[in-house]
Amino acid sequence: MRNQSFTTEFVTLGISQNPNVQKTVFGEFLLVYIATIVGNMLIVVTILCSPALPVSPMYYFLAVLSFLDACFSSAITPKMVVDSIHERKTISYEGCMIQLFAEHFFGGAEMIILTVMAYDQYVAICKSLHYSSIMTWRLCGILVGVSWTGGFLHSIIQILFTFHLPFRGPNVIDHFMCDLYPLLGLACTDTHILGLLVIAKVG
């Protein structure tokens, strides 16, 4: 799929070029990442071990949301933390595409799960007498499946757009991670229409 692309790696500029700021970024983001993973996994384990889970879909959705949040953080933060202590911050083309896929996959699934949780609360408040008959475990499983499928479709569209872009010139991304808009700026082609399509899809 990449026969027209000659770029094998990208250079990210990170958050700052100042060595002192980079050390601060390393420490702060490492602590925040650890707290995020530990916090989200504690929520998941607590909910799974709780007797309230079988009677409340809300906790089931919360466990899925916490798991997705931990995955989303792991798609971006570890590479950013490691890069903050390296003078040259590079990522391979393949690594960039994997990061792009993962961040949009988990981010898209999170957005849909939040919408599902809003629907769950709507049913609990406005149709409280019918809540248990509407929010069955079968429906909860379908809604979670829809969130994962929606995240996958959202992400695969981004990847298909990006795979067909020719990268032959500059390879410096003015960002701390691989994302679609910085990559559109590096492509050796007119990406105006593609940018509008991406905005329309996200909106």
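Please read all numbers here as calculations on a predicted model, not as lab measurements. We number each residue from 1, following the sequence as shown.
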Grab the two heavy atoms, one from [X] and one from [Y], that are nearest each other, plus how far apart they are.
X	Y	answer
Phe72	Glu110	CB-OE1, 3.5 Å
Lys79	Thr90	NZ-O, 2.6 Å
Ile112	Gly151	CD1-N, 4.0 Å
Phe61	Ile113	O-CG2, 4.1 Å

Check against side-chain contact (heavy atoms from CB on, under 4.5 Å), Tyr60 and Met135: CA-CA 12 Å; Tyr60 174 63; Met135 295 303 295; over 6 Å; no
With sequence neighbours left out, what residues match [X] under side chain to side chain contact (heavy atoms under 4.5 Å, CB included)?
X	value
Ser74	Tyr33, Ile37
Leu42	Val38
Thr115	none
Leu31	none

From OG1 (Thr136) to OH (Tyr131), nearest 0.5 Å: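 Rounded to the nearest 0.5 Å, the OG1-OH separation comes to 10.5 Å.
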Where at least one partner belongs to residues 102-122, residue pairs that pass ring pair (Phe, Tyr, Trp, His ring centres under 6.0 Å), sequence neighbours excluded: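 Every pair satisfying ring pair (Phe, Tyr, Trp, His ring centres under 6.0 Å) with a residue in residues 102-122: Phe101-Phe105, His104-His154, Phe105-Trp148.
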Exam field: side chain [X] to backbone [Y], donor-acceptor pair closer than 3.5 Å:
X	Y	answer
Thr77	Ser73	yes
Ser155	Phe152	no
Ser147	Val144	yes

Inter- and intrachain pairs under disulfide bond (SG atoms under 2.5 Å apart), touching residues 64-121, at least two apart: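 Listed once each, the pairs are Cys96-Cys178.
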Listed once per pair and sorted, the disulfide bond (SG atoms under 2.5 Å apart) pairs that draw on residues 114-166, sequence neighbours left out: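 Applying disulfide bond (SG atoms under 2.5 Å apart) to every pair that reaches into residues 114-166, excluding sequence neighbours, yields nothing.
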Show me the donor-acceptor pairs within less than 3.5 Å that the side chains of residues 62-69 make with the rest of the protein, sequence neighbours left out.
{"from": "Ser66", "atom 1": "OG", "to": "Leu62", "atom 2": "O", "distance (Å)": "3.1"}
{"from": "Asp69", "atom 1": "OD2", "to": "Asn40", "atom 2": "ND2", "distance (Å)": "2.9"}

Hydrophobic cluster identity match, Val116 and Trp137, side-chain contacts under 4.5 Å: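 Val116 and Trp137: one cluster.
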Verdict with reasoning, Glu103 to Gln99, per side-chain contact (heavy atoms from CB on, under 4.5 Å): CA-CA 6 Å; Glu103 69 190 56; Gln99 188 179 68; 3.8 Å; yes
Partners meeting ring-ring contact (aromatic ring centres under 6.0 Å, His included) with Phe10 (sequence neighbours left out):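 Partners of Phe10 under the ring-ring contact (aromatic ring centres under 6.0 Å, His included) test: Phe167.
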